[in-house]
Amino acid sequence: MSRLILHIDLDAFYAAVEQRDHPEWRGRPVVVGAEPGQRGVVATCSYEARRFGVHSTMPIAQAVRRLPPETVYVRPSMARYAKVSQQVMGVLETVSPVVERVSIDEAYLDVSGLTSLVGPPAVIGAQVKERIRHAVGLTASVGIGPNRLIAKLASDAQKPDGLTVVPPEQIGGFLAPMPFTVLRGIGVKTAPRLERLGVKTIGDVRQLPLETLRHHLGARTGTQVYQQARGLADDRIDPDRPRRSISREMTFPEDVSDPRMLEKTLRWAAQEVGSIARQTQHLGRVVTLKIRFHPFETHTRSRTLEVPTADDVALFGAAWSLFAAEPWSGRPVRLIGLGISGWSATDGGVQRDLFETAAPEPCPEHDRLAATLDAIRNRFGADDIQRGLNRRSPGSGSARRRSRYSHRT
DNA sequence: TCTGGGGTCCTAGGACCC
DNA sequence: TCTGGGGTCCTAGGACCC
């Protein structure tokens, strides 16, 4: 028996939340992302903006040139979107216990067992959409099929507010006319390799022998593309996929050469990463420094620690020593950031026992750091930075954190 | 036209060990 | 004085996804 997998995708999510919360913006192009005149890209835009050819990841300068004067530009408010996302995920869990959240606006559900209780797939899909609309006032596109690939492509097939069911016997006809670039793992680098073979659609891909695909795409991707072209893909939904890493990075409004500014930013990133790691009870051994120079030249340096940590100071220290060990000083920096990974002795990705022994130090730099970031807050990432600072403001975050750990000392 | 941020997974070379 | 094969860890980079 084949499974029944449902994919749900909230339509133009960030922009839809903004239009929901600002009725005067409804019917107008809304761009969520960088501000005009600044460095950055479109994160999401409303369907009114898409009509002008604007889309996610488009440089903001390019979007401005295409869009009319009545366009609304707004910076993302991730905290708000995360809250709405949580509500939606809660709704999904009322439909099926097997929900895998794949991003802030997407999830997969295994609804195999629901047909006898609820009805045919289309009824299940309609119910999901209606419950979301009722709970948060947003539309979603839903796709249903026998595996993740088909469900995902089905939800993409009709947008916004779509509902598409692809039964097993219709997979061949559903896939054949689609451009092969919709398959998983085909991006800007691998697409040209297939194009050179004269391939345009998934139907074309099906004409190629497995060996040809493996030769041109590599063994792994080649095999995967071969199977996907035949509608074969993973049908497992895992509600508890553990997180593998935590990271924070920042692109500066203008390139930065001042090492003190780089240090401060790295301290901020370390506090953010440390805070999330402690909240989610993760101790990591691998600290990674990420840095990007003009023109978009990106490097990473990582170090494996003797002792797993979630301590701000330890994270910063490791990253800063990685930075100091390189002959980079003086080069203007576009982006700097830090990440942690390599959980050890995991308990389903969470380390309760180990975590008990970790007593993170409050960062002594906090006040100066807060002042600096406040000064640049209006230029970029305002919401994210603000959230970070709120968490540590006197009387809230830091006080709570101290009291949480002091009784163990 | 200039390219955000937070992730996952894969590859490949070298070290090290048996 | 020459030198196999395999496994695992570490590190850097890259492709891709949302």
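The chains referred to below are lettered A, B, ... by the order of the sequence lines, with proteins before strands, and numbering in each begins at 1. Values reported hereafter were calculated over all heavy atoms of this structure, with side chains retained and with hydrogens, waters and symmetry mates removed.
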- Message: Going by ring-ring contact (aromatic ring centres under 6.0 Å, His included), name the pairs with one or both residues in residues 69-104 of chain A, residues two or more places apart or in two chains.
- Response: A:Tyr14-A:Tyr81
- Query: Nearest-Å distance, CD (A:Glu100) to P (B:dT8)?
  - Reply: 12 Å
- Toward the 5' end of DNA chain B, which comes first, A:Ala61 or A:Glu249, by nearest nucleotide? A:Ala61
- Distance in angstrom units between A:Gln38 CD and B:dG4 P, rounded: 12 Å
- Query: Given atom CE of A:Met58 and atom C1' of B:dG4, what is their separation to the nearest angstrom?
  - Reply: 15 Å
- Taking side chain to side chain donor-acceptor pair (under 3.5 Å) as the test, write out the residues that go with A:Gln224, two or more places apart. none
Do any side-chain atoms of residues 206-217 of chain A form donor-acceptor pairs under 3.5 angstrom with protein atoms, and if so which ones, sequence neighbours left out?
{"unit_1": "A:Arg214", "atom_1": "NH1", "unit_2": "A:Thr223", "atom_2": "OG1", "d": "2.8"}
{"unit_1": "A:His216", "atom_1": "ND1", "unit_2": "A:Thr212", "atom_2": "O", "d": "3.0"}

- Query: Reckon A:Arg241 touches a base, only the sugar-phosphate, or nothing at all at heavy-atom distances under 4.0 Å?
  - Reply: sugar-phosphate
- Atom-pair distance (CG on A:Asp255; P on B:dC2), nearest Å: 14 Å
- Reading nucleotides 11-18 of chain C from the 5' end, what letters show protein touch, with B for base, S for backbone sugar-phosphate only, - for no heavy atom under 4.0 Å? SSS-SSSS
- Starting at CZ of A:Arg220 and ending at P of B:dC9, how long is that distance when rounded to a whole Å? 11 Å
- Query: Using centres under 5.5 Å plus planes under 30 degrees as the test, is A:Phe296 stacked with B:dT3?
  - Reply: yes
- Write down the distance between CZ (A:Arg292) and P (B:dG4), rounded to a whole number of angstrom. 6 Å
- Task: Verify, without hydrogens or angle tests, whether A:Ser77 (side chain) and A:Ala79 (backbone) share a donor-acceptor contact under 3.5 angstrom.
- Result: no
Which protein N or O atoms sit under 3.5 Å from an N or O of nucleotides 5-7 of chain C?
none

- Given the P atoms of B:dC16 and C:dC2, what is the spacing between them in whole Å? 24 Å
- Task: Please work out whether C:dC2 sits syn or anti, treating a glycosidic angle within 90° of 0 as syn.
- Result: anti
- Quick note, ring-ring contact (aromatic ring centres under 6.0 Å, His included) partners involving residues 291-319 of chain A, not counting sequence neighbours, are A:Phe293-A:Trp328, A:His299-A:Trp328, A:Phe316-A:Trp320
- Query: Is A:Arg66 touching bases, backbone alone, or none of the nucleic acid, heavy atoms closer than 4.0 Å?
  - Reply: nothing
- Item | Same-atom distance (P) from C:dC18 to B:dT3, integer angstrom | 23 Å
Atom pairs and distances, side-chain donor-acceptor, residues 159-178 of chain A, under 3.5 Å, sequence neighbours left out:
{"unit_1": "A:Lys159", "atom_1": "NZ", "unit_2": "A:Asp9", "atom_2": "OD2", "d": "2.8"}
{"unit_1": "A:Lys159", "atom_1": "NZ", "unit_2": "A:Asp156", "atom_2": "OD1", "d": "3.1"}
{"unit_1": "A:Asp161", "atom_1": "OD1", "unit_2": "A:Lys129", "atom_2": "NZ", "d": "2.8"}
{"unit_1": "A:Thr164", "atom_1": "OG1", "unit_2": "A:Ala154", "atom_2": "O", "d": "3.3"}
{"unit_1": "A:Thr164", "atom_1": "OG1", "unit_2": "A:Gln158", "atom_2": "OE1", "d": "2.8"}

- If you measure from CG on A:Leu289 to CG on A:Leu338, what distance do you get to the nearest 0.5 Å? 7.0 Å
- A:Glu249 with A:Lys290: basic N within carboxylate O range, under 4.0 Å: yes
- What do the steps show when you test A:Arg26 against A:Ser46 for side chain to side chain donor-acceptor pair (under 3.5 Å), and what is the final call? CA-CA 9 Å; A:Arg26 293 177 195 165; A:Ser46 67; over 6 Å; no
- Message: Closest-nucleotide mapping onto DNA chain B: is A:Pro295 or A:Ala219 further toward the 5' terminus? I mean the 5' end.
- Response: A:Pro295
- Query: If you measure from the Lys or Arg side-chain nitrogens to the Asp or Glu carboxylate oxygens, is any gap between A:Glu18 and A:Arg75 under 4.0 Å?
  - Reply: no
- What ring-ring contact (aromatic ring centres under 6.0 Å, His included) pairs are there with at least one residue in residues 217-242 of chain A, not counting sequence neighbours? none
- Item | Whole-Å gap separating P (B:dC9) and CZ (A:Arg243) | 13 Å
- Where DNA chain B forms stems, i.e. three or more consecutive Watson-Crick or G-U pairs with both distances under 3.5 Å: B:5-18 with C:5-18
- Message: Salt bridge or not between A:Arg241 and A:Glu100? Use side-chain N to carboxylate O under 4.0 Å.
- Response: yes
- Query: Hey, does the side chain of A:Arg334 come within less than 4.0 Å of B:dC2's phosphate (OP1/OP2), counting only N and O?
  - Reply: no
- Query: OP1, OP2 of B:dC9 versus side-chain N and O of A:Arg244: anything below 4.0 Å?
  - Reply: yes
Side chains of residues 49-69 of chain A: which donor-acceptor pairs under 3.5 Å do they make with residues two or more places apart or in other chains?
{"unit_1": "A:Arg50", "atom_1": "NE", "unit_2": "A:Cys45", "atom_2": "O", "d": "3.0"}
{"unit_1": "A:Arg50", "atom_1": "NH2", "unit_2": "A:Cys45", "atom_2": "O", "d": "3.2"}
{"unit_1": "A:Ser56", "atom_1": "OG", "unit_2": "A:Ala43", "atom_2": "O", "d": "2.9"}
{"unit_1": "A:Arg66", "atom_1": "NH1", "unit_2": "A:Phe52", "atom_2": "O", "d": "3.4"}

- Message: Taking the basic N atoms (NZ, or NE/NH1/NH2) and the acidic carboxylate oxygens, is any pair closer than 4.0 Å for A:Arg334 and A:Glu254?
- Response: no
- DNA chain B contacts among residues 40-56 of chain A, heavy-atom distance under 4.0 Å: A:Gly40, A:Val41
Donor-acceptor contacts under 3.5 Å from residues 104-114 of chain A side chains, at least two apart:
{"unit_1": "A:Asp105", "atom_1": "OD1", "unit_2": "A:Ser103", "atom_2": "OG", "d": "2.8"}
{"unit_1": "A:Glu106", "atom_1": "OE1", "unit_2": "A:His7", "atom_2": "NE2", "d": "2.7"}
{"unit_1": "A:Glu106", "atom_1": "OE1", "unit_2": "A:Lys152", "atom_2": "NZ", "d": "3.4"}
{"unit_1": "A:Asp110", "atom_1": "OD1", "unit_2": "A:Ser112", "atom_2": "N", "d": "2.9"}
{"unit_1": "A:Asp110", "atom_1": "OD1", "unit_2": "A:Ser112", "atom_2": "OG", "d": "2.6"}
{"unit_1": "A:Asp110", "atom_1": "OD2", "unit_2": "A:Arg3", "atom_2": "NE", "d": "2.8"}
{"unit_1": "A:Asp110", "atom_1": "OD2", "unit_2": "A:Arg3", "atom_2": "NH2", "d": "3.1"}
{"unit_1": "A:Ser112", "atom_1": "OG", "unit_2": "A:Leu4", "atom_2": "N", "d": "3.0"}

